[in-house]
2 protein chains.
Amino acid sequence: MKSQRLARHRIPERAITRLSIYLRCLEELLADGTLAVSSQQLANRFGLNSAQVRKDLAYFGQFGVRGLGYYTGELKGNLERILGLTQQWEVALVGLGNLGSALLNYRGFQQRGFRLAAAFDNDAGKVGMRIGRVPVFDVERIVPILKRRRIKMAVIAVPAAAAQAVTDQLVAAGVNAILNFAPTQLSVPKRVKVQNVDLSVMLKTLSFYTTRSARAS
Amino acid sequence: MKSQRLARHRIPERAITRLSIYLRCLEELLADGTLAVSSQQLANRFGLNSAQVRKDLAYFGQFGVRGLGYYTGELKGNLERILGLTQQWEVALVGLGNLGSALLNYRGFQQRGFRLAAAFDNDAGKVGMRIGRVPVFDVERIVPILKRRRIKMAVIAVPAAAAQAVTDQLVAAGVNAILNFAPTQLSVPKRVKVQNVDLSVMLKTLSFYTTRSARAS
DNA sequence: TAGATTGTTAATCGATTAACAATC
DNA sequence: TAGATTGTTAATCGATTAACAATC
């Protein structure tokens, strides 16, 4: 068993993204009572190549059995470990405007083991409240509160103009993963990972393809 | 002026995504009163390569002036035209649960010229209501209503288990662009473009990098 | 004209896929 | 053992970057 060895190559981010997609599939297979699955079967589900599935997994270890495939439950456990899903993560949310409030009420985070543990806003009217179970603090207090609670992940839902300043605070507080809903490019040190959820960009991309279809027909 | 010519090469989706990022930048530059900008200046803003900026633009025409760069206003107009942003798009929203309701109240769509024109749910208690200005219909009526109103874009916010059935209805109704919030891979004909907004996958990716940072330190 | 920057071709890089020896 | 499928190397493909003639 070499599953604990460190990856020898730089791992492409797309491979990581695919791991969580494989994981979702394994959960379904396990629910169906499927005990083992081949890379070909996994690949078929997403229109991927079986070599890619094997390669993605091989970045992290040898999880398969030649001639048989992968044991569903065992692989699921390994992927959960690799992705860091064996622990519940506490997440800070910054910005309680239209979008931030929606996210605070969204149950998707909790369902997936990510607990919104603290919210921040610059509106004195909101500071001190509790929304659901989540306490609301002044943005000025990001650094001490996140440090004390050892929060390592944050969601940014402030206007684009304020996003970089907020990011700098989060970075200073030791955060190393940010889910960014602000429509702007954040500048962060290398140790920090940012995932942009830019609805604006996605809508414009869709608009392009729709326009194109309209022209073509 | 060859700006209207059809693209000769297949255009990578990433290039389209970058176009809308350039557009955002041009809006800022225009607000600052900057009349012209070089590919190098644009590239610097995002840590991209200037050749890439030029190449992305060149897929669609010759918009620059040698020795000078690109006229801000002119390029902005061209990008808006290419992306299909000169018209307001009507968008259908399917699913009024926790997430769908949040999206209905989210002002980001309207702000960007995408108008939520109709919502659909399978809960009889919601059907017939108006939320804000948006009428709520039964999901069974997707096809006739979208056809009649010629709606070409849709947002899916239903549970994963229902997403494919909803998609099939949208496709039958003539939709050709889908923003999918359901955590599942949708199968669609080639003419239809899907953008997945998979918070679950993004959170897991962040979890991976956070775990890794934690291990490294 | 001299300097600057485009548009485009060629070189490089990285990711995907094919192929196959190892082995269950 | 025979058949199947992994893990991994080599080949392919596509996207990014460098380089430079064209030209404002």
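This structure is a prediction, so every number in the text was calculated from the model and none was measured. We name chains A, B, ... by the order of the sequence lines, and we start the count at 1 in each one.
- Look at dG14(C): its Watson-Crick or wobble partner, with both distances under 3.5 angstrom, is dC13(D).
- dA15(D) atom P lies 19 Å from atom CZ of Arg54(B), rounded to whole Å.
- Distance OH (Tyr59(A)) to P (dG14(C)): 12 Å, rounded to an integer number of Å.
- Side-chain contact check for Thr210(B) and Trp89(A): no donor-acceptor pair (N or O, by modelled atom type) lies under 3.5 Å.
- At the phosphate of dG7(C), neither OP1 nor OP2 sits under 4.0 Å from any side-chain N or O atom of Gln62(B).
- The base of dT23(C) is not paired with the side chain of Arg66(A) by any donor and acceptor separated by under 3.5 Å.
- If you take CZ of Arg14(B) and P of dT16(C), they are 9 Å apart, rounded to a whole angstrom.
- Between Asn176(B) and Tyr209(A) the shortest side-chain heavy-atom distance does not fall below 4.5 Å.
- No side-chain donor-acceptor contact under 3.5 Å links Gln169(A) and Gln164(A).
- Counting to the nearest Å, the C1' atom of dT8(C) and the CG atom of Leu57(B) are 14 Å from each other.
- Residue contacts for Ser39(B): at a heavy-atom cut-off of 4.0 Å it reaches the sugar-phosphate backbone alone, with no base atom in range.
- Side chains of Arg54(A) and Ser39(A): a donor-acceptor N/O pair is present below 3.5 angstrom, by distance only.
- Asn49(A) has its CG atom 15 Å from the P atom of dG7(D), to the nearest Å.
- The CG-C1' distance, from Asn44(A) to dT5(D), rounds to 14 Å in whole Å.
- At dA15(C), one or more side-chain N or O atoms of Arg10(A) fall inside 4.0 Å of OP1 or OP2 (strictly under the cut-off).
- The nearest heavy atom of DNA chain C to Ala51(A) and to Ala51(B) marks one nucleotide each, and the one closer to the 5' end goes with Ala51(B).
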